[in-house]
Amino acid sequence: MPEALYGRAAELDLVRLLLDRARAGDGGALVLAGPPGIGKTAVLGRAEAMADGFTVLRARGVPQETRLAGSGLHALLRPVAGLVRSPVLTRALRLGAAGGGMAVPAAVLEFLAELAAAEPVLVCVDDLDLLDEVSREALGFAARRVSGERIALLLTVRDPAGLPEDVPVRALEGLDPAACRALAHELAGALPDDLGACLARLAGGNPLAWRELVGSLTPEQLAGLAAPPTGLPPGGRLHRAHAERLARLPQATRFLLLLLAAHPGLDTETLRRPARWRPEPGAEGRVRRGLLAAEPLAVLAPAERAGLIRADGGRYAFTDETVRAVAYAEAPPARRRAAHAVLGRLLDGDRHRLARAWHRAHALDGPADQLAAELAAAASAAAAQGYPGRSAAYEHAAELTGAEESREEWLAAAARHAWVFGDLPRARWLLAQPGHPLRGQAELMRGRLELLSGHADSARDKLLTAASRLVRRDRIDGVKALLHAAEASYLAGDIRAFHAIAGQVALLRRPDDCANAQLMFEYLQGIAATFSGDHRAAAGPLRRVVRLAPAVCSPVPLVWACVANLLLGEDATALELSARAIDTARRTGAVTLVPQLLESMVQAYFWLGRYSSVAAHAAEGLRLAEASGQLNAAARHLAWLAHVDAVRGDAESCRDHAHRALDLAEAHGLGIAGALSTWALAHLDLAAGRLADSAARLRGHRDNDHVVVRVMASPHFIEAAARTGDDRRAAAALRALERWAGSTSSPDRRALAARCRALLAAPGEAGERFQEALELHRQGACRFETARTQLLYGAALRRERRPGAAREHLHGALETFERLEARLWSERARAELRAAGETVTRPGSGGGPEQQLTAQQLRIARLVAEGATNREVAAQLFLSPRTVDHHLRNVFARLGVRSRVELARKLF
């Protein structure tokens, strides 16, 4: 059984069309272009499997035979050579004599046509550009003339220069992230997400690179006890293929490519500074003396023609990251040192201080300890992330130095910067180095890594240990560690531990603390009061956090200010602060923080009722979290996606996202993710009319044991409990909701409290409470909750036998629900309107797919119509294949189609 072929559905459709046309007597050709390992050979293999009833002729370009005239035709036609009758072709196959002109090409085309008289012919030639010139010309001649014949030619080329003219070309791009995730799952199953992210950076979208990198992993690398790979396996097919391409280039071109490989992003103006190249005796000196007399960009032209590099603004970039790694790895050590020495002289000015120190260190241009100290100092002074990167610089400084104390300090700094810039596997490996001390900063890093992807309780314990060491040396560093430990307690839902940590922090406060420190202390005091249910006491510290926010520029304090605004009900300000925090993190390269920062933005959009934005940013946060191995952030983003699904009435997707989040929550001790997911499922039950199920989910058990989420979810619980007769529990929840809503300036929060009071009010008082809620909604921003209040009020009016007044509110609710594509709530509003005496019809029975399908169904249908498999769609939309299959069956039923081909015709 052939191995799975991911991300090539469109190419296979083109091959299928080519074969169908050849069967019908309208032959043609197709060239697949792309670098080694991209999947061209795999597509050829599938084409052969699809060519039922064809005579299949195969050949492959071999570098050693490029100069043997006719060798490609000999390999291609050897299985059927006994059928050749043309003297010209016979002579060419036996003697390699072409004689020039079009005699041989015409004889090849005529022979293929003779074969096709019996059954259609498929010609598959891999690496056409490595064939000899005679064979290339003959096949190009045939490819341009097979129209009207039962012949299909499927050719592949590596380099653009090898393309035959006037033949259709399909350039194979790298696999998209969804296809990469599906391929990685097939190869390794439970590959750790952060290791997968590291492999993704190395492999890009090259499927062969993925296969070889995963196959090269050691048990220690899989367990995080050894550094992840830094390049392709040297003995692998892809490494050898790139090495062969590089070996065919002139020596001077290879040296310039080595400079580009040793310093990615090197600009062309720097390359044009030959006076700094300082030729030396020996072979390297001769190469560099030759370069002094040449225009460097002209020297790079052969590499550009070979498709190894491309011009990108004012610099050259490798077309494939794997080529860059091989260009560096294949150079002998002496040549690498020479390249670093050149770069150390070419790069000048303050902005290149770190790069200059890096290249001098790799060139061994001085005493090792001196070079290490210079490199560490340059890394410390670097203002932003660039090449080589502060983590790599500290790590190399640690490798060079003979001073053990400096080595320990620089390894911890390397781990910290690897963590900040998203390379979590390397951060873990650096912290696991033999003899690495269990000192405060290293322990803090271990705790923060655990907080991203480990168990919340374990993270808290590590962070408390780090705080106990740090606080004796630097009080503020100790407070930061305690804040992270409190965050771990918050994620776990362990409020008792949170209060204990908050008490420790309060004892460390001083009157003369700077603005950043004051913000930390005020934030923890406000959150602690919130967890106690004393929202009025929380308001003062939280407002002081908001006032201090303009004075800070670090992303994490900005998010604390964002959380404070959310608790105070100031959602628009919270959105502005979260956007500022995300922008700051991205601008400074702190990519590890972005998934966590996005969650604050998601919450702001949620309270504003902008659910499309919630879905978009939660999906981005989930993608980034999974790519970087941040499973705890991934769980929370999955829960928020489940909330959007619940609003839209997409039951399958809601359950899929929620149960995946619940699994992570249970494995990692994440009380908040479990509570958020349970809330989403309860919302779905409420929308579907399963009131008892909704109330039971929110009544307070293991999956809903988080005080903050319990208060946020209380409007749903009060509605479900009140309508199932559990007034006592509903009233207790209302008291907690009123304490929170009353402490905020949010009309939306206070409207929810007024609506819940209406649900529990005596018959004669409910209308006044509903009116109060609607008046507050008019001052707020959340149109969805306004519609929910209109629906409940309309239903109450209908039961009071006031159908005219009921219909006014029910129409408003229905209009909003339909605009938001809230399918289940729309059905509820229509049912109430029918009960109020109005005839309403369900939309979507006619019109195009946009009117007949839900938003999720339409997204899935379009991806499938574009050629994606169910697994690829699932990976792209963060669903299970089973859920995609469920949606696709509904799509087929609604649109009245029976196959993917019919679906594509319907949509396009």
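With hydrogens and angles ignored, the 3.5 Å screen pairs no side-chain donor or acceptor of His643 with any backbone N or O of Tyr611. A donor-acceptor pair is defined here as one N or O able to donate and one able to accept, closer than 3.5 Å; no such pair exists between the side chain of Asp645 and the backbone of Arg655. Under a 3.5 Å cut-off, the side chain of Arg802 and the backbone N or O of Leu797 do not form any donor-acceptor pair. Side chain of Ser746 to backbone of Arg749: a donor-acceptor contact under 3.5 angstrom is found. Between the Trp740 side chain and the Leu567 main chain, a donor and an acceptor come within less than 3.5 Å of each other. Side chain of Asn632 to backbone of Leu451: a donor-acceptor contact under 3.5 angstrom is found. Under a 3.5 Å cut-off, the side chain of His455 and the backbone N or O of Asp457 do form a donor-acceptor pair. Looking at Ser694, its side chain never comes within 3.5 Å of a backbone N or O of Leu691 through a donor-acceptor pair. At least one donor-acceptor pair under 3.5 Å links the side chain of Asn565 to the backbone N or O of Ala561. Using a distance-only test at 3.5 Å, with no hydrogens or angles considered, no donor-acceptor pair links the side chain of Ser458 to the main chain of Gly454.
The salt bridge (charged side-chain N to carboxylate O under 4.0 Å, His left out) with Arg830 is formed by just one residue from the set Glu838, Glu818, Glu815; it is Glu818. A side-chain contact (heavy atoms from CB on, under 4.5 Å) with Leu641 holds for exactly one of Leu622, Val602, Asp656, Val614; it is Leu622.
Under a cut-off of 6.0 angstrom, the local environment of CD in Glu768 is sparse, with at most 12 non-hydrogen atoms contributed by other residues, nucleotides or ligands. No more than 12 heavy atoms of other residues, nucleotides or ligands lie within 6.0 Å of CZ in Arg801, so this atom counts as exposed by the packing criterion.
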Q: Determine, step by step, whether His659 and Cys654 satisfy the side chain to side chain contact (heavy atoms under 4.5 Å, CB included) criterion, reporting the C-alpha distance in whole Å, the side-chain angles of both residues, the deciding distance to 0.1 Å, and the verdict.
A: CA-CA 8 Å; His659 287 298; Cys654 180; over 6 Å; no
(Q) Please determine whether side chain to side chain contact (heavy atoms under 4.5 Å, CB included) holds for the pair Ser826 and Leu814, giving the CA-CA distance in whole Å, both sets of side-chain angles, and the decisive distance to 0.1 Å. (A) CA-CA 6 Å; Ser826 296; Leu814 178 59; 4.1 Å; yes
Q: Test side chain to side chain contact (heavy atoms under 4.5 Å, CB included) on Trp560 and Glu522 and set out the steps.
A: CA-CA 10 Å; Trp560 293 338; Glu522 297 286 2; over 6 Å; no
Q) Does the side chain to side chain contact (heavy atoms under 4.5 Å, CB included) test come out yes or no for Ile527 and Val563, once each step is laid out? A) CA-CA 9 Å; Ile527 298 297; Val563 172; 4.2 Å; yes
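The shortest non-hydrogen separation linking Ala795 to Leu810 is N-CD2, 4.2 Å. Annotation for Leu608 and Ala572: closest pair CD2-N, 4.5 Å, computed over non-hydrogen atoms. Taking every heavy atom of both residues into account, Cys782 and Thr786 meet most closely at O-OG1, 3.0 Å. For Phe531 against Val708, the heavy-atom pair with the smallest separation is CE2-CG2, 3.0 Å. Between Ala829 and Leu791, the shortest heavy-atom distance links the atoms CA-CD1, 3.8 Å. Residues Val647 and Trp825 share a closest heavy-atom pair of O-CD1, 3.9 Å.
In this structure, CZ in Arg697 is found 8.0 Å from CG in Leu684, a value given to the nearest 0.5 Å. For the atom pair CD (Gln596) and CE (Met601), the distance works out to 15.0 Å, reported to the nearest 0.5 Å. The distance from atom CD of Glu487 to atom CD1 of Ile672, rounded to the nearest 0.5 Å, is 10.0 Å. Remark: Arg739 CZ to Thr530 OG1 distance equals 12.0 Å, nearest 0.5 Å. Note: Leu776 CG to Glu785 CD = 13.0 Å, rounded to the nearest 0.5 Å. Distance OG/Ser743 to CG/Leu568: 7.0 Å, rounded to 0.5 Å.
In summary, the side chains of Thr789 and Arg755 do present a donor paired with an acceptor at a separation below 3.5 Å, with no hydrogens or angles considered. A donor and an acceptor atom, one from each side chain of Tyr793 and Gln771, are located under 3.5 Å apart. No side-chain donor from either of Gln790 and His777 sits under 3.5 Å from a side-chain acceptor of the other. Residues His716 and Trp679 have side chains that bring a donor and an acceptor to within less than 3.5 angstrom of each other.
With respect to Glu832 and Arg807, no salt bridge is recorded, no charged nitrogen being found less than 4.0 Å from a carboxylate O. At a threshold of 4.0 Å, the pair Arg699-Asp726 counts as salt-bridged, since one of the basic side-chain nitrogens sits closer than that to a carboxylate oxygen. The pair Glu765-Arg757 does not meet the salt-bridge criterion, since no charged nitrogen lies less than 4.0 angstrom from a carboxylate oxygen. Taking 4.0 Å as the cut-off between side-chain N and carboxylate O, Arg460 and Asp494 count as a salt-bridged pair. For the pair Arg660 and Glu626, the salt-bridge criterion is met [side-chain N within less than 4.0 Å of a carboxylate O].
His809 has its ring centre no less than 6.0 Å from the ring centre of Phe770.
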